[in-house]
Amino acid sequence: MVVKDFLFSAVNKEFFVFLFFLAVSAGFWFVIALNETTEKEIPVSVQLSGVPNNIVITEPLPDTIRVVVRDKGFVLMSYLHGDIIQPLKINFQIYARGNGKGYVTAAEVQKMLNSMFYASSKIVTVKPEKLDFMFNYGMSKMVKAHIDGQIRPADTYYLARTAVSPDSIKIYASQAVLDSIKELYTENLNLVGFTDTITQDIPLKKIKGVKMVPDHIKVTFYPDILTEKVIQVPIVSVNMPEGLALRTFPTQVNVKVVAGRSRIDAIHASDFSVVVDYADVVAHPSDKCKLVLRNVPKGVTNASLEMQQVDYLLESLR
């Protein structure tokens with residue numbers, strides 16, 4: 001009863017009357033607006049038809065043409081929300097040239113579009129104005145794909161391994177273009193400060209007139225935390241003349257290495273080579289000889305000698 005009295009009170013009657021006239025005025029405004037001449041961008045999809053089975057399209061037509069049309073509002077609404085505008089079909093057999101290229105001139109595009117719209121409609125602009133595509137007869141080759149960009153794990157980490165799939169891409173293009181392409185690169189990738197394994201699909205940089213299969217690669221980055229280790233490595237003399245020996249004091253030297261945690265336990269003294277070159281001793285006479293770290297195993301990001309010089313003694317073996 002209370003609700004009924006509220007709905008039919010004088011105040012609420014006035015409110016409902018106000019809403020009624022507001023809706024009517026909005027309807028009149030909408031009708032007037034639709035009857036006015038205005039401009040609207042109408043998207044028109046593009047399709048390439050009649051492509052023979054032995055043809056590979058290496059540079060396709062654009063998916064859509066943006067057409068700005070001037071007409072009454074209700075006509076433009078019918079274009080946007082009805083099924084009047086059908087895809088613009090480009091027949092390969094008509095527009096393909098013998099040089100591996102095909103094109104539709106701006107005049108031909110305009111003529112096709114004019115036939116799709118009502119006579120009352122005026123086409124103001126077309127983007128793109130002309131259409132072109134490229135093709136070949138199946139010529140292809142495999143090319144290595146490389147990552148372009150900055151890949152850097154967080155501090156105290158290093159990039160232990162990178163897995164790329166596939167590492168080679170099949171490309172289709174004209175013979176001249178195929179001969180000129182030696183490698184492919186991804187779009188620029190900026191990956192900094194990561195600590196966990198990351199997998200990403202990275203698109204390849206597009207090259208005009210080249211079809212890539214696939215057009216992206218899957219890359220997995222494996223970071224590993226850096227660990228230090230000190231290893232005692234024997235000192236060996238090299239380039240010694242016959243009948244002469246060189247003894248160092250001490251006979252071993254500490255090598256400090258930095259490597260990934262997963263790799264550090266597999267690194268041993270036999271993986272390194274610390275030498276004294278007799279030729280250097282002769283060329284630079286001194287009471288100490290210079291140590292050189294020659295061999296460093298794979299996976300070590302940094303290796304340094306605890307001492308750069310040691311005492312030595314030359315002995316005759318005769």
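Residue numbers run from 1 in the order of the sequence given.
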May I ask you to decide whether [X] forms a salt bridge with [Y], counting only side-chain N to carboxylate O separations under 4.0 Å?
| X | Y | result |
| --- | --- | --- |
| Asp201 | Lys218 | no |
| Lys256 | Glu306 | no |
| Arg70 | Glu39 | yes |

Strictly under 6.0 Å, is that where the ring centroids of Tyr79 and Tyr118 end up?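 Centroid distance Tyr79-Tyr118: below 6.0 Å, so yes.
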
Please confirm whether the ring centroid of Phe92 lies under 6.0 Å from the ring centroid of Phe135.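 Between Phe135 and Phe92, which both carry aromatic rings, the centre distance is below 6.0 Å.
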
Heavy-atom count around [X] [atom1] within 6.0 Å, excluding the residue itself: above 12?
| X | atom1 | answer |
| --- | --- | --- |
| Asp83 | CG | no |
| Lys141 | NZ | yes |
| Lys130 | NZ | no |

Can Asn136 and Thr58 be counted as having a side-chain donor-acceptor contact under 3.5 angstrom?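 Distance-only check fails for Asn136 and Thr58.
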
If we count only N and O atoms by modelled type, under 3.5 Å, do the side chains of Asn91 and Ser49 hold a donor and an acceptor together?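 Not at all, the side chains of Asn91 and Ser49 share no donor-acceptor pair under 3.5 Å.
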
Between Asp224 (side chain only) and Ser262 (backbone N and O only), is there a donor and an acceptor less than 3.5 Å apart?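 Yes: the side chain of Asp224 pairs with the backbone of Ser262.
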
Do Arg97's NZ or CZ and the ring of Tyr103 fall within the cation-pi criteria of under 6.0 Å and 45°?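 Flagged: Arg97 positioned over aromatic ring of Tyr103.
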
